[in-house]
Undergrad: 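The structure that follows is given in the form of structure tokens.
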Amino acid sequence: MPELPEVETMRRGIGFLAGRRIAAAEFPRGPVRPILVEPRPATVVRQIVGRTIGGVERRGKRILIGVAAGAGRPRQWLVIEPRMTGRFATTTPPTAGHVRLVLRLAVHADLPAAVVCFWDLRGLGTIRLVDDQGLERLCGPDRLGPDGLTVTAADLVTGLGDSRRAVKVALLDQRAVAGIGNIYAAEILHRAGIDPRSPCWRLGAEAWERLARETRRVLAEAVRCEGSSIGDETYKTADDRPGRFQRRHRVYGRAGQACVGCGTSVVRIVQAQRSTFFCPQCQRRPGARPARRSKLPRAGRMA
DNA sequence: CGTTCAACCTGGGCGC
DNA sequence: TGCGCCCAGGTTGAAC
């Protein structure tokens with residue numbers, strides 16, 4: 001679920017952690033299988049309790065909680081990947097059984113004690129405690145490309161210009177551009193008027209410009225809307241409010257419904273084992289000929 | 001290089 | 001009610 005806008009909303013929702021001391025940390029054992037934690041939960045607890053949080057950052061779809069150096073320990077990072085159903089809660093989490101991490105903050109100045117939970121229904125999320133070197137390995141430029149909020153056409157051309165892949169599949173490649181997922185790939189391509197099946201190498205300069213511009217625009221607008229909440233409980237802000245960008249979805253999840261631009265029925269196809277939604281009228285392949293008007297041969301071409 | 005498939009998980013929805 | 005099947009915001013690795 002969480003793509004860049006949702007993760008950025010999470011980051012803002014737990015930004016108040018900055019400057020506060022971790023009084024306690026727990027990895028509760030629920031009724032479901034535990035998620036991936038590295039190193040072992042007991043080790044993470046031992047290393048972070050008593051230390052101060054430097055700040056909360058985002059890299060692509062990951063949350064970074066900086067743990068300040070101290071007591072003979074180097075600076076470290078709690079890297080949390082929400083994957084499909086992970087999220088934070090500063091109020092009551094949706095279920096007690098899927099709480100994966102609890103951070104309890106010490107009383108600080110006039111700030112009261114507070115609690116932040118990481119909750120994950122399906123449990124595909126991950127929690128890692130790494131040092132600067134580990135962070136580089138996990139979230140460095142080899143793994144994550146330029147951020148989607150600021151990506152340029154030149155970035156996209158550099159990363160994908162020669163790719164033979166379909167552009168929708170390529171946009172999900174976090175090494176090319178970080179933060180786009182299945183929902184926003186569909187919405188970006190619709191707004192850019194590009195067929196998701198187009199191979200990257202067929203796109204021209206103006207198509208890459210539109211793609212970069214719509215990527216920035218759609219993601220920024222979705223951040224302002226605090227992300228997309230679809231159906232169930234899985235994504236909400238840290239203080240339990242649903243996002244609002246789902247109301248502005250033009251194609252995602254709208255198969256069979258009329259395209260808001262032209263009224264044509266939105267189509268669902270499968271690419272790389274994932275659903276792709278698009279409007280076959282508004283999103284045409286570059287180089288594909290517009291619908292034939294007439295079957296008559298063109299004048300002047302043939303003798 | 002690119003695609004396809006399976007895996008990792010839980011739970012909701014649908015047809016029978 | 002229950003069972004079987006398909007679906008879901010992500011990522012990774014193996015096989016072809």
Undergrad: What is the distance from CZ of A/R143 to C1' of C/dG10, rounded to the nearest Å?
TA: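 To the nearest whole Å, that distance equals 13 Å.
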
Undergrad: Please measure how far the P atom in C/dC3 lies from the corresponding atom in B/dC9, and state the result in whole Å.
TA: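 After rounding to an integer number of Å, I get 23 Å for this pair.
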
Undergrad: With DNA chain C as reference, determine whether A/L172 or A/F277 sits nearer its 5' end, using the nearest nucleotide of each.
TA: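 Looking at DNA chain C, the more 5' nearest nucleotide goes with A/F277.
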
Undergrad: Within the distance-only criterion (no hydrogens, no angle test), does the side chain of A/R20 pair as donor or acceptor with the backbone N or O of A/F16 below 3.5 angstrom?
TA: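 Not confirmed, A/R20 side chain does not pair with A/F16 backbone.
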
Undergrad: Got a salt bridge between A/E226 and A/R244, using NZ or NE/NH1/NH2 to carboxylate O under 4.0 Å?
TA: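 Salt bridge between A/E226 and A/R244, a charged N being under 4.0 Å from a carboxylate O: yes.
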
Undergrad: When you measure from the side chain of A/S229 to the backbone of A/G243, do you find a donor-acceptor pair of N or O atoms at a distance under 3.5 Å?
TA: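 Flag set: sc A/S229 to bb A/G243 pair under 3.5 Å.
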
Undergrad: Using a 4.0 Å heavy-atom cut-off, does A/L124 contact any base of the nucleic acid, only the sugar-phosphate backbone, or nothing at all?
TA: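 Base, at least one base atom sits under 4.0 Å.
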
Undergrad: Would you please confirm or rule out a distance under 4.0 Å between OP1 or OP2 of B/dG2 and any side-chain N or O of A/S163?
TA: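 Result: yes.
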
Undergrad: How long is the line joining CD of A/Q273 and P of B/dA6, in whole Å?
TA: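 Rounded to whole Å, this separation is 9 Å.
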
Undergrad: Would you tell me if any nitrogen or oxygen in the side chain of A/Q174 comes within less than 4.0 Å of OP1 or OP2 on C/dT11?
TA: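 Checking C/dT11 against A/Q174, a side-chain N or O does come within under 4.0 Å of OP1 or OP2.
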
Undergrad: From C-beta outward on A/R122, which listed nucleotide comes closest to its side chain: B/dG2, B/dC9, C/dT11?
TA: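 Within the option list, the nearest is B/dC9.
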
Undergrad: For the side chain of A/R83, starting at C-beta, report the closest nucleotide among B/dT10, B/dT3, C/dT11.
TA: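 Closest nucleotide among those given: C/dT11.
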
Undergrad: Write down the atom of A/G86, the atom of A/P2, and the distance for their closest heavy-atom approach.
TA: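 Shortest heavy-atom contact: O-CG, 3.5 Å.
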
Undergrad: Is atom CZ of A/R175 surrounded by more than 12 heavy atoms (other residues, nucleotides or ligands) closer than 6.0 Å?
TA: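 Counting neighbours around CZ of A/R175, 12 or fewer heavy atoms of other residues, nucleotides or ligands fall under 6.0 Å, so no.
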
Undergrad: What is the nucleic acid contact for A/Y252, judged by heavy atoms within less than 4.0 Å: base, sugar-phosphate only, or nothing?
TA: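 Contact class for A/Y252: sugar-phosphate only.
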
Undergrad: In Watson-Crick or G-U wobble terms, both distances under 3.5 Å, what is the partner of B/dG15?
TA: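 Pair assignment: B/dG15 / C/dC3.
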
Undergrad: Separation of A/W201 atom CH2 from B/dG2 atom C1', in whole Å?
TA: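 Taking CH2 of A/W201 and C1' of B/dG2, I get 15 Å after rounding.
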
Undergrad: What is the distance, to the nearest angstrom, from the CZ atom on A/R254 to the C1' atom on C/dC7?
TA: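 After rounding, the gap between these two atoms is 19 Å.
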
Undergrad: Check whether any side-chain nitrogen or oxygen of A/S275 sits under 4.0 Å from OP1 or OP2 of C/dA8, and answer yes or no.
TA: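 Yes, such a contact exists.
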
Undergrad: I need the CG-P distance between A/L144 and C/dT12, as an integer number of Å.
TA: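 Roughly 9 Å, once rounded to whole Å.
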
Undergrad: May I ask you to say what A/I230 touches in the nucleic acid, namely base, sugar-phosphate or nothing, with a heavy-atom cut-off under 4.0 Å?
TA: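 Base: the residue A/I230, judged by heavy atoms under 4.0 Å, touches a nucleobase.
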
Undergrad: Phosphate oxygens OP1/OP2 of B/dG11: is one of them under 4.0 Å from a side-chain N or O of A/H98?
TA: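 Yes, within the criterion.
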
Undergrad: Would you say A/R164 places a side-chain N or O within less than 4.0 Å of OP1 or OP2 belonging to B/dG2?
TA: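 Looking at the OP1 and OP2 atoms of B/dG2, neither is under 4.0 Å from any side-chain N or O of A/R164.
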
Undergrad: Counting just side-chain N and O atoms, does A/R274 come under 4.0 Å of either OP1 or OP2 of C/dG10?
TA: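 So the side chain of A/R274 is within the cut-off, an N or O lying under 4.0 Å from OP1 or OP2 of C/dG10.
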
Undergrad: Please evaluate residues A/S198 and A/R285 with respect to the criterion side chain to side chain donor-acceptor pair (under 3.5 Å), reporting the C-alpha separation (whole Å), side-chain torsions for both, the decisive distance (0.1 Å), and the verdict.
TA: CA-CA 6 Å; A/S198 313; A/R285 292 168 128 115; 5.3 Å; no

Undergrad: Among the candidates C/dA8, B/dC5, B/dC9, find the nucleotide nearest to the side-chain atoms of A/R268.
TA: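 Of C/dA8, B/dC5, B/dC9, C/dA8 is nearest to the side chain of A/R268.
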
Undergrad: Rounded to whole Å, please give me the gap between CG in A/D120 and C1' in B/dG11.
TA: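 One finds 13 Å between C1' of B/dG11 and CG of A/D120, rounded.
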
Undergrad: From the options C/dA8, B/dG2, B/dC9, select the nucleotide whose nearest atom is closest to the side chain of A/M84.
TA: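 Nearest to the side chain of A/M84 among the choices is C/dA8.
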
Undergrad: Mind checking A/G123 for me? I need base, sugar-phosphate or nothing, with any heavy atom below 4.0 Å counting as a touch.
TA: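 Touches nothing.
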
Undergrad: Once you round it to whole Å, what is the distance between P of C/dT11 and CG of A/L171?
TA: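 My rounded result for the distance is 13 Å.
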
Undergrad: In whole angstroms, how far is the C1' atom of B/dC9 from the CD atom of A/E81?
TA: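 After rounding, the reported distance stands at 15 Å.
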
